[in-house]
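Remarks on the structure that follows.
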Number of protein chains: 2
Amino acid sequence: MGTRIQPGPRERLLTAAQRLSYEQGVNVGVDALLSAANVARRSLYEHFGGKDGLIAEVLRRAAAEDLDRYRSAIAAAGDDPRQRLLAVFDMLDEIVTTPGFRGCRYLGADLALAEPAHPAHAVTQQYRQSLHDLLAHEVQRLRLPRPGHVTDQLMLLIEGTLATGAARPTSRPARDARELAQHILS
Amino acid sequence: MGTRIQPGPRERLLTAAQRLSYEQGVNVGVDALLSAANVARRSLYEHFGGKDGLIAEVLRRAAAEDLDRYRSAIAAAGDDPRQRLLAVFDMLDEIVTTPGFRGCRYLGADLALAEPAHPAHAVTQQYRQSLHDLLAHEVQRLRLPRPGHVTDQLMLLIEGTLATGAARPTSRPARDARELAQHILS
DNA sequence: CTCCTGGTAGAACGTTCGGTCTACACCGGT
DNA sequence: ACCGGTGTAGACCGAACGTTCTACCAGGAG
């Protein structure tokens with residue numbers, strides 16, 4: 001059964017690694033992951049084949065969660081596609097102003113992992129594609145000219161918001177981005 | 001004297017580290033830096049006190065070069081502040097489409113170095129402040145309302161361009177950003 | 001009861017990490 | 001001629017890296 005009193009080692013490892021790989025970066029050591037999860041060394045290699053596999057799985061899980069946050073924010077903003085898309089930047093404002101925000105996890109992974117063959121890269125690519133599709137679906141309904149172009153610009157604003165939020169913590173990049181998004185969508 | 005047939009070990013080390021710390025990330029090993037620069041281990045510690053000092057100095061040098069690129073691009077664009085600012089995004093288009101582009105060096109350093117006390121963070125902060133001032137000076141001449149706000153938005157577009165260029169190499173984020181910049185500046 | 005599965009605990013592997021150290025060579029200045 | 005400064009070459013250190021290994025233990029199924 002999936003549910004026990006305490007989550008199994010696989011679950012504990014994923015939870016701890018999701019937190020630590022964000023706080024400390026994906027180059028965090030295996031020992032730190034194991035002791036944070038209270039998991040035996042062996043379990044890591046049985047469940048994920050190695051650190052790379054764990055990191056990739058962590059990113060997959062985080063991607064699913066983050067996409068759900070985008071979907072929830074959009075769904076809660078009513079029916080107007082314009083308002084639904086602007087709601088994304090309201091959600092981003094919350095995220096980047098939350099203490100402990102350290103930038104976009106996926107960009108951080110791509111920059112930190114130099115080897116192009118690392119399985120993490122495929123996960124981040126897939127994540128961005130899903131997010132792009134999510135936005136494109138809303139943009140489509142607006143019947144604007146060049147919908148693909150508009151979607152790319154929204155993606156750029158999102159990446160810029162997360163990057164600026166990490167680089168200049170005093171600023172409020174999501175507000176700036178939201179204003180720019182309003183320009184695009186009108 | 002400063003000029004010899006071959007640059008001294010300090011110069012070689014800076015040059016090699018500037019390249020390697022970008023290609024491989026700032027977590028590149030000391031041995032890789034030393035062998036790439038053909039420099040004795042000892043020289044690193046005599047000249048920079050350690051790897052952290054070298055990384056910080058590399059970022060300082062890169063920042064000076066990058067700021068000069070911005071200044072040159074702006075200066076070459078004539079007298080109209082609007083055209084001068086848009087020229088920044090033309091320059092960025094060149095940068096992000098150049099093979100081997102791996103994103104913003106300074107954001108990469110901030111994300112990869114988890115310890116807040118690392119000297120690199122002060123350098124990246126200073127770099128962004130200088131870039132911000134550079135843009136603000138041009139924005140000021142436009143006599144727009146909320147010039148600080150506009151400058152922040154331009155910074156966000158720049159960060160977004162560099163992040164997107166690294167994350168989605170097939171896109172042309174600088175063009176999208178330039179179009180948004182035109183909206184801001186009009 | 002016995003056996004198997006899946007978990008823990010931890011030693012140990014070889015490699016790499018950043019950093020310190022010794023030994024020696026070159027070269028310009030006095 | 002000599003000396004001090006600066007460089008190279010490379011051994012060496014303790015620690016951390018990712019990984020593999022053995023030994024043991026709990027719980028459920030046969």
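Chain letters run A, B, ... following the sequence lines, proteins first and then strands; every chain starts at 1.
The separation between B/Gln6 atom CD and C/dC26 atom P is 16 Å, rounded to whole Å. Distance, B/Leu34 CG to C/dC21 P: 17 Å, rounded to whole Å. Remark: P of D/dC21 and CD of A/Glu46 are 12 Å apart, rounded to the nearest angstrom. Look at NZ on B/Lys51: it is 8 Å from P on C/dC17, rounded to the nearest Å. The distance between atom OH of A/Tyr45 and atom P of C/dG7, rounded to the nearest whole Å, is 16 Å. Atom-to-atom, CZ of A/Arg41 to P of D/dG18 comes out at 8 Å; the value is rounded to the nearest Å. As a whole-Å value, the separation of A/Asn27 CG from D/dG18 P is 8 Å. Between the C1' atom of C/dG6 and the CG atom of A/Leu44 lies a distance of 15 Å, rounded to the nearest Å.
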- Are B/Asp110 and B/Thr124 close enough, and set up right, to give a side-chain hydrogen bond (donor to acceptor under 3.5 Å, both in side chains), and what steps lead you there? CA-CA 8 Å; B/Asp110 284 326; B/Thr124 62; 3.0 Å; yes
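An OP1 or OP2 oxygen of D/dT8 is reached within less than 4.0 angstrom by a side-chain nitrogen or oxygen of B/Ser43. Distances shown here put a side-chain N or O of A/His47 below 4.0 Å from the OP1 or OP2 atom of C/dG7.
Here the closest heavy-atom approach between residue A/Leu59 and residue A/Ala120 is recorded as CD1-CB, 3.5 Å.
Among the heavy atoms of the strands lying under 4.0 Å from A/Arg12 are primed sugar atoms or P, OP1, OP2 only; no base atom is included.
Place A/Asp31 and A/Arg42 on DNA chain D by their nearest nucleotides, and A/Asp31 ends up nearer the 5' end.
Ring-plane geometry between B/Phe101 and B/Tyr22 is classed as tilted, the angle between the planes lying from 30 to 60 degrees on a 0 to 90 degree scale.
The number of heavy-atom neighbours closer than 6.0 Å to CD of B/Gln182, taken from other residues, nucleotides and ligands shown, is above 12.
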